[in-house]
Amino acid sequence: MIRKAVAAGFAAAALACTIGSAQAEGTGKGDLLDAIKARGELHCGTLNYLPGVGFLDDKGQWSGFDVDFCKAAAAAILGDASKVRFTALTGAQMFPALQSGEIDILSRSVTDTISRETKLGLDFIGPNHLTGQGFMVHKSAGVTDVKGLDGATICVLAGTVTEGYLADWFRAHGMSFTPAAAENSDQMFSMYFDDRCDAVTMEPPYLAIRRSRSADPAAHVILKTLIAKSFEAPVILEGSPKLREVLQWMHWGMVTAEELGITSANAAQMKAGSKDPVVRRFLGVEGTIGQDMGVPNDWMLQVVEAVGNYGEMYDRNLGKDSKLGVPRGMNALWRDGGAMIAPGWQ
Amino acid sequence: MTTRLAHRLPPRLAVLVETPAVALVNLGVLALLVAALPPLLDWAVFSAVWRADDMRGCPPAGGACWAFIGDKARLIFFGLYPYGEQWRAALATALLVALVVVSLNPRCWSRRLALAWGLGLAVYSLLMWGGLLGLAPVESAYWGGLPLTVLLTVFGVFFGLILAVPVALARFSDLPVFKAAATLYVELVRGVPLISVLFMASVLLPIFLPDGFTPSGLGRVLAGIVLFFTAYMAEVLRGGLQAIPRGQYEASRSLGLSYPVMMARVVLPQAFQTILPALINLIIAALKGTSLVVIVAMLDLLGAAQAALADPDWIGFYVEDYVFVAAVYAIMCGSISWYGRRVERNLGSAQSR
């Protein structure tokens with residue numbers, strides 16, 4: 001009796017498996033933009049450990065630069081910035097989560113590289129955050145340039161692109177180094193401040209933040225040279241051209257809003273009062289830009305009202321309005337000497 | 001060879017200076033303690049900052065910044081659970097812990113306990129999920145902190161124990177197919193670290209399963225934990241089964257009891273009593289094991305504590321953070337083992353009577 005029941009159970013399980021795999025092969029996925037609209041909720045993969053980029057505040061609310069991108073996307077597509085379900089992902093989980101459809105957008109400071117874009121079947125949006133890789137050294141070592149780090153022990157975050165760039169740069173310059181890999185940035189900086197490595201490598205703004213929190217900030221120097229540039233960008237899976245178009249133009253739209261002087265405070269006012277045809281097209285008063293893309297016509301108004309223009313989003317999370325106070329640098333508008341530029345809104 | 005001093009001291013102190021070598025080692029350890037204690041106390045208490053609005057209130061070279069813990073306590077304890085609804089998670093977790101405390105005592109094993117579990121789980125689900133009786137719905141993706149740690153531990157052990165019964169019986173059985181299948185499962189799971197089981201459950205399962213069939217992140221992780229601890233529980237239970245004297249099986253058979261009745265009424269109750277100490281050991285291991293869900297970015301107690309480190313208002317207070325979480329874990333594990341010893345003592349005196 002028991003044996004029969006067990007046998008039946010095994011057979012049922014085997015059958016369920018076959019049906020399951022047949023279904024998985026049968027479903028051809030449409031454009032994710034339609035799926036998000038039908039679902040009424042955006043699924044966003046992000047991170048919960050990088051100050052100013054993706055973290056949880058005292059009340060467990062998601063905040064940060066990468067989090068705001070997803071809020072903006074929800075505002076653009078669904079007209080409501082709160083219709084996002086965030087999932088924190090580790091570096092190892094992030095691409096499988098995208099591939100399995102668990103998330104629609106990965107906004108987690110992922111660095112855009114050619115192999116990721118071509119081999120993994122990904123579409124990078126943006127880039128919405130430009131950084132580089134720098135070094136901090138103990139002042140007592142007397143090193144003033146990266147070239148002086150030959151033979152040094154260097155603290156680096158394991159499994160990140162910084163690790164790869166570091167190895168590439170040293171090899172290209174015929175220099176040697178000993179890597180001291182750390183699992184997270186807290187561990188990495190405690191290793192550096194405990195003198196277990198000669199230098200630590202990361203994006204310069206983060207080096208500056210950590211230096212300001214060290215026992216003796218004057219004892220550490222951040223070297224001027226950057227050994228790599230880094231395009232950090234939100235990512236989606238290839239095969240959703242409509243979603244890619246909306247997100248790419250949303251990013252450019254936020255840059256354009258800063259250019260046009262449209263802020264979260266004055267957006268509604270500008271919509272009502274502006275006579276500038278570009279502004280009127282931008283905010284959906286004239287034309288059918290939004291509609292043609294498959295989103296509400298006032299999508300950019302929703303985005304700017306929810307998270308502000310690009311400059312507002314940067315300053316609030318990373319820049320002068322945050323405790324981090326990272327200078328805009330490369331992320332300033334092109335007309336201010338930065339690299340943030342967007343195509344015309346014609 | 002005993003020192004003269006040892007004769008004059010009360011016995012409790014005398015052991016410390018029994019021989020010159022012992023006295024020397026004890027003196028050395030005492031000196032180390034005296035040297036280490038003042039700076040530790042200074043850091044943790046005297047120079048510590050108890051109140052500050054943000055990191056500017058805590059000098060980098062100063063003592064512990066407990067103000068950080070004060071500011072982040074709710075996040076560490078409850079993770080993503082909506083701020084205004086956190087009393088629900090607290091209440092539900094207290095209920096769950098109470099149920100476990102009662103269930104660990106063999107004197108309370110009765111039909112009424114099963115009823116209490118049924119009722120308790122219904123109330124627990126209602127409180128955690130909401131959606132009924134005016135409680136706002138909270139998806140399982142938003143559960144976190146201490147409630148999540150307790151949930152993963154309790155349900156991991158609970159389902160693990162239930163599933164362990166057939167596995168242990170199969171391993172103990174004379175039928176070769178059952179025995180081989182159970183042995184294969186146990187050896188396979190025991191040969192793999194929990195991290196890889198969790199990783200497979202959370203990353204690979206959604207890729208294998210068809211769209212719409214994928215359980216929530218919590219469900220996947222819980223399935224992984226249950227799969228893992230079932231194997232360990234089954235081995236412990238097998239030990240309990242082997243400890244039952246052969247005569248009891250034979251006596252049951254000669255009374256004409258069927259296999260299920262014999263197991264349910266005679267063998268398993270005794271086996272469970274025998275394995276209680278080993279079971280409590282496993283519960284503590286499971287409690288600490290659940291912290292590995294951090295690698296799949298779940299915000300259990302440790303995950304929420306790590307997330308608390310990312311606030312730009314508070315950068316670099318990881319020592320305070322980890323000390324605090326370690327203290328919480330120590331209190332939890334300590335209480336379990338204290339309660340376990342108490343139950344064992346009661347059980348021992350009951351059996352000797």
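Note that the structure is a prediction, hence the values are computed from the model and not measured. Here is how names work: the chains are called A, B, and so on, in the same order as the sequence lines, proteins then strands, and each is numbered from 1.
Here Phe55(A) contributes atom CZ and Asp313(B) contributes atom CG; the two are 7.0 Å apart, rounded to the nearest 0.5 Å. Note that CZ of Phe86(A) is 8.5 Å distant from OH of Tyr142(B), once rounded to the nearest 0.5 Å.
Across Leu50(A) and Ala310(B), no two heavy atoms sit closer than the pair N-CB, 3.6 Å.
The number of heavy-atom neighbours closer than 6.0 Å to CZ of Arg39(A), taken from other residues, nucleotides and ligands shown, is above 12. The neighbour count for Lys139(A) NZ, taken as heavy atoms of other residues, nucleotides or ligands under 6.0 Å away, does not exceed 12. For Trp129(B), the CH2 atom sits in a loose shell: 12 or fewer heavy atoms of surrounding residues, nucleotides or ligands are nearer than 6.0 Å. More than 12 heavy-atom neighbours from other residues, nucleotides or ligands sit within 6.0 angstrom of CG on Asp194(A). Enclosure of atom CE in Met200(B) is not indicated, since only 12 or fewer non-hydrogen atoms of other residues, nucleotides or ligands lie within 6.0 angstrom.
For Val319(B), no part lies under 4.5 angstrom from a heavy atom of chain A. Only the side chain of Phe199(B) comes within less than 4.5 Å of a heavy atom of chain A; its backbone N, CA, C and O stay farther away. Using a 4.5 Å cut-off between heavy atoms, Ala97(A) makes no contact with chain B at all. Thr90(A) touches chain B through backbone and side chain together, each having a heavy atom under 4.5 Å away. At a 4.5 Å heavy-atom cutoff, Ile76(B) makes no contact with chain A through either its backbone or its side chain. Proximity to chain B is absent for every atom of Ser185(A), based on heavy atoms less than 4.5 angstrom apart.
Within the 4.5 Å cutoff, the side chain of Leu80(B) has heavy atoms near those of the Trp62(A) side chain. Proximity of Leu75(B) to Leu56(A): side-chain heavy atoms (C-beta onward) are separated by under 4.5 Å at one or more points.
Chosen from Gln93(A), Gln187(A), Gln61(A), Arg85(A), the residue pairing most often with chain B at heavy-atom distances under 4.5 Å is Gln93(A). The most heavy-atom pairs under 4.5 Å with chain A, out of Gln306(B), Arg220(B), Gln86(B), come from Arg220(B). Ranked by heavy-atom pairs shorter than 4.5 Å toward chain B, the options Asn48(A), Asp186(A), Asn317(A), Asp216(A) are led by Asp186(A).
Residues that satisfy the salt bridge (charged side-chain N to carboxylate O under 4.0 Å, His left out) test with Glu238(A), not counting sequence neighbours, are absent from this structure.
Between Asp58(A) and Arg74(B) there is no salt bridge, since no side-chain nitrogen of the basic residue lies less than 4.0 Å from a carboxylate oxygen of the acidic one.
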